[in-house]
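Letters A, B, ... mirror the listed sequences (proteins, then strands); counts begin at 1.
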Protein chains: 2
Amino acid sequence: MKDVAARAGVGLKTVSRVVNGEAGVSPDTERRVQESITALGFRRNDSARILRKGHTASIGLVLEDLADPFYAPLSRAVEEVARAHGALLINGSSAEDPEREQELVLALCARRVDGLVIVPASDDHRYLEPEMAAGVATVFVDRPPGNVEADQVLVDSFAGAREGVAHLIAHGHRRVGFIGDVPRIHTAHERIRGYEAAMSGAGLPVHPGWLAPGSTDPGRVRADAERMLNGPEPVTAVFAGNNRVTVTLVRVLAELDRPVALVGFDDFELADMLSPPVTVVAQDPAQLGRTAAGLLFRRLEGAHDPPCLMTHPTTLITRGSGELPPA
Amino acid sequence: MKDVAARAGVGLKTVSRVVNGEAGVSPDTERRVQESITALGFRRNDSARILRKGHTASIGLVLEDLADPFYAPLSRAVEEVARAHGALLINGSSAEDPEREQELVLALCARRVDGLVIVPASDDHRYLEPEMAAGVATVFVDRPPGNVEADQVLVDSFAGAREGVAHLIAHGHRRVGFIGDVPRIHTAHERIRGYEAAMSGAGLPVHPGWLAPGSTDPGRVRADAERMLNGPEPVTAVFAGNNRVTVTLVRVLAELDRPVALVGFDDFELADMLSPPVTVVAQDPAQLGRTAAGLLFRRLEGAHDPPCLMTHPTTLITRGSGELPPA
DNA sequence: TTGAAAGCGCTAACAC
DNA sequence: GTGTTAGCGCTTTCAA
């Protein structure tokens, strides 16, 4: 910029004004400056600008896995909102590891992102307190934060799971299994609660072998599924706690010689083209992302009301697999 | 940092040393500094650090759509490599719009990212010349750059498509349709060429109605598919130019009362669970991302050899839909 | 309409 | 082992 000023024979500030489209530069001067800019191939160094201005026009998004078909649209939606507000999005995957989440979040804060959208892997966010006090707007999505007050955008996992399991029960099932994520994760925990509520609400017992929380690793899911399908009290229906589990269960159930009903949490592409088509409790990840990002920019624009909690409902989409009667 | 120094009664540089874990600070001083740091809730401002050091330990990734199941794993793979090199990843979706690509790339350059991985939407990258000359390492993935010399990581789309179409021909088809992306996109163009090569290699004519490049919008794909399936010279097999097209074609073909063979470019989740299971020409997007990011960091670490071109092969995965005989 | 000077928070270079 | 000085490239302030 110094070079541009020298070449155009003007002051530094005049160049700055031209670069930023500020008023108060005579057309002639502006032309000369523009000419120098292109001749020198000058482009503003935003790092310096950021340092001076104190904000970065960028926001951070930390989620579990960018490549998960559930989170990818969420990320994309946040990106679109950020773009509409002239901000860049920096995102990172925590791989469901609390330490990695913290490391990532802190790295983003060190970069002085203006705000943060977080799908928490950790259940303790006290590490964020100084950052939030320093003015980093923060919105939690999909799962609530731990030990910290902030805006939250959640999905009613409890009600969704309860509805899905009740749907299976309504179709005559009395031995319903549940395979889901580790209960440390809030949504997983809520879905287990929903399962239990539906079962007990119908006066049905839950055999210990029917409840299998754990990792979403296909091997683990398969093993637990086979156990509850071939055990002493075999289930006639299974509820899958999220899209990763559902996809594995589709494969396991297809290998069976008898029909077993299936309802999965989360919709997924081509669910309607499988045989049988898969009944799901759907949520809208893009909508989640849009809502969260919207909330974030509200804060960035100065909203000062107390932290809010927005809960989105789920939608049961019946397609066939959840309406199979017990064998 | 000034405050920390004042509170600990030491110089600025000593604090800097402690913050960066540099040697040459007595244990006692270090302890005092650490104490001040936590007491004041200090955290280094990376914007200032970046300005001073001249590099940002961050790289940019620009692709078509972060939520596309083909690109999501690519992005994730790039992220992992970046992380292994201590760099952050900033990514943006160009939505297949050349202007948006340029806008995004330039914004990333203004942020002084150290390097760039680009899935081009544009076919002219001269706008990047000044940036590359200024030292921004750049790697193009999936599609070649236009009017610029840089590392490239491509997939052999021509050979892949030719193999897929030849596979259909080998199973007795003589009227094979092609539905793909707009030919402006390099991979789309190559796949059309592959289709034509396979057809003419087998001495088969290509009826104009059988070749339908265009957007991947489901409506467009469906309309063109129905046209070539119900026209005067109905095709008995279709080759889909990418995963978006394949997914739509699966639906269209399922509505038909006769079997039509299908081979799709790109593998996709649950392809093997459809009926019939879908035969695909698979590429490995995560591998593409890893290779590209690896190349980028080689450059960042000072590699000066001339731009290289790496072409990855595709794999034909036969599952059933591509082995259906002509009706 | 224009520009000079100060300084954002840090690190490199060089004292001490 | 520690501190001082200068300056990264920009914007802000204020004076001309």
Side-chain angles (χ1 to χ4, degrees), chain A residues 1-34 36-37 40-58 106-114 130-131 134-136, chain B residues 1-37 40-58 86 106-114 130-131 134-136:
Chain A
M1 191 175 255
K2 212 170 49 189
D3 300 342
V4 175
R7 188 178 204 279
V10 300
L12 216 51
K13 178 60 198 174
T14 303
V15 179
S16 174
R17 275 193 259 264
V18 172
V19 169
N20 296 300
E22 284 169 31
V25 180
S26 75
D28 187 56
T29 315
E30 169 156 10
R31 208 187 29 70
R32 269 206 339 281
V33 172
Q34 284 292 8
S36 300
I37 286 176
L40 265 47
F42 166 83
R43 295 249 328 295
R44 187 178 65 197
N45 181 333
D46 277 2
S47 300
R49 172 170 232 252
I50 284 165
L51 177 59
R52 190 63 237 242
K53 299 204 81 146
H55 66 195
T56 57
S58 59
L106 260 22
L108 292 169
C109 289
R111 294 291 173 102
R112 296 295 189 265
V113 291
D114 300 333
E131 311 298 338
V136 180
Chain B
M1 189 174 257
K2 213 170 51 190
D3 299 342
V4 174
R7 188 178 205 277
V10 300
L12 215 51
K13 181 58 195 175
T14 302
V15 179
S16 174
R17 276 194 258 265
V18 171
V19 169
N20 296 299
E22 283 170 31
V25 180
S26 76
D28 187 56
T29 316
E30 169 157 9
R31 210 187 28 69
R32 272 209 333 283
V33 172
Q34 283 293 7
E35 191 273 332
S36 300
I37 286 176
L40 266 47
F42 165 83
R43 294 248 331 293
R44 186 178 66 198
N45 182 333
D46 276 2
S47 301
R49 172 171 231 256
I50 284 165
L51 178 59
R52 188 61 239 241
K53 301 205 79 144
H55 68 166
T56 57
S58 59
L106 260 22
L108 292 169
C109 288
R111 294 292 173 100
R112 296 294 189 268
V113 292
D114 299 333
E131 312 298 339
V136 180

Is there a side-chain contact between [X] and [Y] in this structure, where contact means two heavy atoms from C-beta onward sitting under 4.5 Å apart?
X: B/Val33; Y: B/Val25; answer: no
X: B/Asp46; Y: A/Arg112; answer: no
X: B/Arg17; Y: B/Thr29; answer: no
X: B/Ser58; Y: A/Arg111; answer: yes
X: B/Arg44; Y: B/Asn20; answer: yes

Looking at every strand, decide which applies to [X] at a 4.0 Å heavy-atom threshold: base, sugar-phosphate, or nothing.
X: B/Asp46; result: nothing
X: B/Arg17; result: base
X: B/Val19; result: nothing
X: A/Lys13; result: base
X: B/Ser47; result: nothing

Whole-Å distance between [N] [atom2] and [X] [atom1]?
X: A/Phe42; N: D/dG9; atom1: CZ; atom2: C1'; result: 8 Å
X: B/His55; N: D/dC8; atom1: NE2; atom2: C1'; result: 13 Å
X: A/Arg112; N: D/dC10; atom1: CZ; atom2: P; result: 21 Å
X: B/Met1; N: C/dC8; atom1: CE; atom2: P; result: 14 Å
X: A/Leu51; N: D/dG9; atom1: CG; atom2: P; result: 12 Å
X: B/Glu22; N: D/dT2; atom1: CD; atom2: C1'; result: 13 Å
X: A/Arg52; N: D/dC8; atom1: CZ; atom2: C1'; result: 14 Å
X: B/Leu12; N: C/dA12; atom1: CG; atom2: P; result: 13 Å

So, OP1 or OP2 of [N]: does either fall under 4.0 Å of a side-chain N or O from [X]?
X: A/Thr14; N: C/dT2; answer: no
X: B/Lys53; N: C/dA12; answer: yes
X: A/Thr29; N: C/dT2; answer: yes
X: A/Ser16; N: D/dT11; answer: yes
X: A/Asn20; N: D/dT11; answer: yes

Check your understanding: Nearest to the side chain of A/Val10, which nucleotide is it out of C/dC10, C/dG3, D/dC8?
Key ->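 From the listed options, C/dG3 comes nearest.
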Exercise for review: Consider the side chain of A/Asn45, meaning its heavy atoms from C-beta on, and name the nucleotide among C/dT2, C/dC10, D/dG9 that approaches it most closely.
Suggested key: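 The nucleotide sitting nearest to the side chain is D/dG9.
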Check your understanding: For A/Arg7 and A/Asp3, what are the C-alpha separation, side-chain angles and deciding distance, and is it a salt bridge (charged side-chain N to carboxylate O under 4.0 Å, His left out)?
Key -> CA-CA 6 Å; A/Arg7 188 178 204 279; A/Asp3 300 342; over 6 Å; no
Check your understanding: When you match B/Gly11 and B/Ala48 each to their closest nucleotide on DNA chain D, which lands nearer the 5' end?
Key ->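 Looking at DNA chain D, the more 5' nearest nucleotide goes with B/Gly11.
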